[in-house]
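Just below is one structure, and these are the notes that go with it.
Keep in mind that this is a model prediction, so the values were computed, not measured.
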Amino acid sequence: MLTNRQSLSLRYAQGLGMIAVVLGHYGIVPPYIFEPYTFHMPLFFLLGGILFKETSILQTIKNITIKHLWYIVYTYIIISAIALLISNYYNISIGEIYKSTISDTFKNIFDKNFHNNGYFLVAWFLFSYALASLLCRVIIYIKKQVIILGIAILFGFVGMGYVASLYAETSNQTYNLISQVLVGSMFYLIGFVFKKTLLSMKSLYIPIMSIVIIFTMKNFGVLGGLLMSWSKYPQGFIFHTLSSLLSICTILAITNAAASQDKKLNLLALIGSKSKIIMSYHLLTFTILDIVFYKLGMYNMKSASYLNHYSTPHYWFLYIATGIVLPIIISLAVDYIKSIKANELLAKKES
């Protein structure tokens with residue numbers, strides 16, 4: 001059972017991870033040492049391991065189906081409807097969202113790694129996270145943490161090396177999915193095994209030493225982002241794992257220390273609590289902002305697509321801020337409407 005401080009720290013970490021995701025999808029980012037693609041997806045898998053709650057396999061499947069798989073289905077439909085509407089007005093590239101039949105649509109979604117619906121390409125993560133959660137639930141039955149850690153390392157080594165190579169050679173999406181799940185499971189299991197340690201780190205020496213090591217790795221040319229979505233690990237298993245874990249430990253050391261303070265970082269906690277919504281809708285938000293700049297005569301919408309936006313050093317922060325804040329506002333509005341409806345329904349039952 002997590003303490004309030006630990007729960008808050010993880011919310012902060014989710015918030016920082018989500019900011020990194022949004023930054024990674026925009027064309028211009030500020031100078032950094034911790035490259036977003038070095039750690040943001042591994043961070044969310046690792047946090048899943050820390051947050052693991054023991055349930056039966058059947059209950060785990062039920063939770064995954066409701067929380068992740070059903071979410072993917074209805075969010076896919078919502079985002080595709082909005083994307084098609086925008087495409088009809090501005091003729092921008094959105095991908096091949098639907099085929100002529102449902103079976104062909106599902107096949108296309110799988111074959112294209114969810115990137116057929118460009119504005120919901122992050123669905124690859126939600127799907128692989130769901131599968132990794134189920135796989136890890138089975139592994140955690142072993143109980144012995146040394147064995148679990150050994151399996152985690154084996155998963156990462158095979159996923160980044162052997163299976164990723166098979167995908168590079170064959171372009172078979174099944175290999176890509178297996179690699180995603182194995183690498184994600186490694187970080188998930190590491191989070192589970194080292195939960196107490198990760199939640200107790202507060203020393204400022206951790207980020208200092210991490211920066212020193214990561215900067216040195218960068219100078220030696222062995223630092224680079226890992227592209228989990230397409231199973232690309234150019235720096236190899238050791239360097240990618242090391243840089244990801246150093247970055248994650250830095251984030252958790254900072255968030256653990258911040259959560260220990262009397263003053264709560266409400267905005268960062270809110271970002272963390274709405275991370276799935278932000279992850280799902282920030283690319284659409286970027287395009288909405290593109291339309292605003294187009295209406296102002298500052299941008300040509302012919303250049304726009306789900307990963308190509310009005311990239312300017314003058315307004316980059318506006319894109320990042322809007323990509324985070326607008327989905328939160330919409331989500332809070334939906335939550336408010338739901339609460340009103342729930343109260344009305346309760347009042348009817350009581351009367």
For the atom pair [atom1] ([X]) and [atom2] ([Y]), what is the distance rounded to the nearest 0.5 Å?
X      : Y      : atom1 : atom2 : result
Lys53  : Gln59  : NZ    : CD    : 11.5 Å
Leu166 : Ser171 : CG    : OG    : 11.5 Å
Arg11  : Leu270 : CZ    : CG    : 9.5 Å
Ile61  : Ile66  : CD1   : CD1   : 12.0 Å
Ile254 : Ser9   : CD1   : OG    : 10.5 Å
Ile109 : Lys107 : CD1   : NZ    : 12.0 Å

Over 12 non-hydrogen atoms of neighbours within 6.0 angstrom of [atom1] in [X]:
X      : atom1 : answer
Tyr89  : OH    : no
Ile102 : CD1   : no
Ile238 : CD1   : no
Lys232 : NZ    : no
Tyr294 : OH    : no
Phe220 : CZ    : no
Asn219 : CG    : yes
Tyr162 : OH    : no

Check: [X] ring centre within less than 6.0 Å of [Y] ring centre:
X      : Y      : result
Tyr37  : His40  : yes
Phe286 : His25  : no
Tyr299 : Phe293 : no
Phe127 : Phe114 : yes
Phe45  : Phe125 : yes

Looking only at non-hydrogen atoms, find the nearest pair between [X] and [Y] and report the distance.
X      : Y      : result
Ser244 : Leu226 : OG-CD2, 3.3 Å
Ala20  : Phe39  : CB-CZ, 3.8 Å
Ile64  : Ser133 : CD1-CB, 4.0 Å
Leu283 : His309 : O-CE1, 4.0 Å
Leu46  : Leu198 : CD2-CD1, 3.8 Å
Ile72  : Ala123 : CD1-O, 4.2 Å

Any non-hydrogen side-chain atom of [X] less than 4.5 Å from a side-chain atom of [Y]?
X      : Y      : answer
Lys195 : Leu51  : no
Asn256 : Ser200 : no
Leu268 : Ile19  : yes
Asp335 : Lys274 : yes
Leu47  : Leu10  : yes
Phe44  : Val21  : yes
Ile86  : Ile94  : no
Val73  : Trp70  : yes

For Phe155, run the side chain to side chain contact (heavy atoms under 4.5 Å, CB included) check against Val181, Ile139, Val183 and tell me which one passes.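 For Phe155, the side chain to side chain contact (heavy atoms under 4.5 Å, CB included) check succeeds only for Ile139.
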
Is it the case that [X] and [Y] place a side-chain donor and acceptor less than 3.5 Å from each other?
X      : Y      : answer
Thr170 : Tyr175 : no
Tyr281 : Ser331 : no
Asp104 : Thr101 : yes

Quick check: is [Y] connected to [X] through a chain of hydrophobic side chains (ILVMFWY, heavy atoms under 4.5 Å apart)?
X      : Y      : answer
Leu84  : Tyr74  : yes
Met298 : Ile288 : no
Ile324 : Ile329 : no
Ile277 : Leu332 : yes
Leu126 : Leu227 : yes

Keeping [X] on the side-chain end and [Y] on the backbone end, is there a donor-acceptor pair under 3.5 Å?
X      : Y      : value
Ser80  : Ile77  : yes
Ser87  : Ala83  : no
Asn108 : Ile97  : no
Ser210 : Pro207 : no
Arg137 : Thr55  : yes
His282 : Met279 : yes
Thr250 : Ile248 : no
Asp111 : Gln173 : no
Asn172 : Thr174 : yes
Gln180 : Ser229 : yes

Across all chains, not counting sequence neighbours, the salt bridge (charged side-chain N to carboxylate O under 4.0 Å, His left out) partners of Lys99 are Glu96

Does Ile140 form a side chain to side chain contact (heavy atoms under 4.5 Å, CB included) with Leu189? I'd like the steps, not just the answer. CA-CA 8 Å; Ile140 289 171; Leu189 293 172; 4.0 Å; yes

Tyr119 meets the ring-ring contact (aromatic ring centres under 6.0 Å, His included) criterion, sequence neighbours left out, with none

Apart from Tyr336 itself, what residues make up its hydrophobic cluster, given side-chain heavy atom links below 4.5 Å? Ile340

Is there a side chain to side chain contact (heavy atoms under 4.5 Å, CB included) between Ile153 and Phe237? Walk through the geometry before answering. CA-CA 10 Å; Ile153 295 171; Phe237 168 73; 4.0 Å; yes

Side chain to side chain donor-acceptor pair (under 3.5 Å) partner of Tyr319, chosen from Thr285, Asp290, Thr312: Asp290

What class does the angle between the rings of Tyr167 and Trp230 fall in, given that below 30° is parallel, 30 to 60° is tilted and above 60° is perpendicular? parallel

